[in-house]
Amino acid sequence: MISEMEEVSEITVGETNMAAWLLGIQTIKIQPYHLPPLGPHDVKICIKALGICGSDVHHFKTMRCANFIVKKPMVLGHECAGIIEEVGSQVKSLQVGDRVALEPGISCQRCSLCRDGRYNLCREMKFSGSPPNNGSLANKVVHPANLCFKLPDNVSLEEGAMCEPLSVGVHACRRAKIGPDTNVLIIGAGPIGLVTLLAARAFGAPRIVIVDVDDYRLSMAKELGADEIVIVSTNIKDVGEEVVKIQNVMVSRIDVSFDCVGFNKTMSTALSATGAGGKVCLIGLARTELTVPLTSATVREIDVVGIFRYRNTWPLCIELLSTGKIDVKPLITHRFQFSQKGIEDAFQTSAGGGNAIKVMFNM
């Protein structure tokens, strides 16, 4: 566990409110969180809805997510929406009382990647709730105004918070160029697999098959509009047999496969199931290294693309929600209040899997 001395040093200056601090493995406590001064281009937001992401769970369980390691007390959370309480002197696009969804990554806006519009790949990215940056599971946060997007009246704050995971699916569909002529296979029916399903349908995919090891999540996928669902095993020896089954239920060629998990087996399945000339998009990052059948995929000219988070997605996500083309509300399976018991129960629920899809805080 991180020492109390380190903890105190994190919260010595600025304006006070309360936040959920990760102090050690499966140790979260609500403690004071002093905000930085409000800059001229910033806004102060009262957070009203925040969802728990898979990365939050990894930090909670192991104090790390992939190569991002928690080395000092950190406020968790980044899937959020709230109400503006104060605006900086140069902010013209927003005003006090506006309901907004927050894009959590603050890029440098100066490097070649940022200048080329690929700011999600910025090496100096400060991403909320990813070490060493504090997140948004707090009463209030300060955030750049240009990363706060006003919500229309018919989009709830919970739906606003869901723009963050939905953005992953939208960015993946853009990268894979999903349209009315692309039949889609989705591997993994967790929260990201399900938002990818919703996004692919909104982008016009005519037929979508989704596979998973869990019956409950597959039933959720079916309710959300998957044309077919396939239960699979965790045994990599079953890939060949399962690929045949997947291709049979798709009926026609699989044009694009999304691996929303990132294991050797799931990526092998995606590469093997995708039709010649098709595309595989890796979304899930369960492993830092994979051993997969690239040679057989190469001779079929399978394109492999990856995504990292998202870019320029909030306006489209809000439009898809406001027009009813996507409904994320069924994904919110559990709700908790912002209290010590509430945060402990919420993270245990999310970490436990089971019937929990998206765990949401109402604040």
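Under the 4.0 Å criterion applied to side-chain N and carboxylate O atoms, Lys140 and Glu85 are assigned as salt-bridge partners. Salt-bridge formation is not detected for the pair Arg311/Glu103: no Lys NZ or Arg NE/NH1/NH2 atom is positioned less than 4.0 Å from an Asp or Glu carboxylate oxygen. For the pair Lys329 and Asp327, the salt-bridge criterion is met [side-chain N within less than 4.0 Å of a carboxylate O].
Every residue meeting the salt bridge (Lys or Arg N to Asp or Glu O under 4.0 Å) condition with Arg253, not counting sequence neighbours, appears here in chain and number order: Asp255.
No side-chain donor from either of Glu319 and Ser322 sits under 3.5 Å from a side-chain acceptor of the other. A donor-acceptor contact closer than 3.5 angstrom links the side chains of Ser252 and Asn183. Between the side chains of Glu344 and Gln340, a donor-acceptor pair is found at a separation under 3.5 Å. A donor-acceptor contact under 3.5 angstrom links the side chains of Thr266 and Asp259, judged on distance only. Of the N and O atoms on the side chains of Asp238 and Ser233, at least one donor lies less than 3.5 Å from an acceptor on the other residue.
Residues in residues 208-231 take part in these side-chain hydrogen bond (donor to acceptor under 3.5 Å, both in side chains) pairs, two or more places apart or across chains: Arg201-Asp227.
For the pair Ile229/Val209, no side-chain contact is recorded, criterion being any heavy-atom separation below 4.5 Å from C-beta on. No side-chain heavy atom of Met363 sits less than 4.5 Å from a side-chain heavy atom of Cys46. Counting only heavy atoms from C-beta outward, the side chains of His143 and Ile106 approach each other to under 4.5 Å. Side-chain contact between Met360 and Met162 is present, with heavy atoms from C-beta onward closer than 4.5 Å.
Stacking of Arg335 on the aromatic ring of Phe361 is not recorded, the 6.0 Å distance cut-off and the 45° axial limit not both being met.
Atom CD1 of Ile254 and atom CE of Met250 lie 4.5 Å apart (nearest 0.5 Å).
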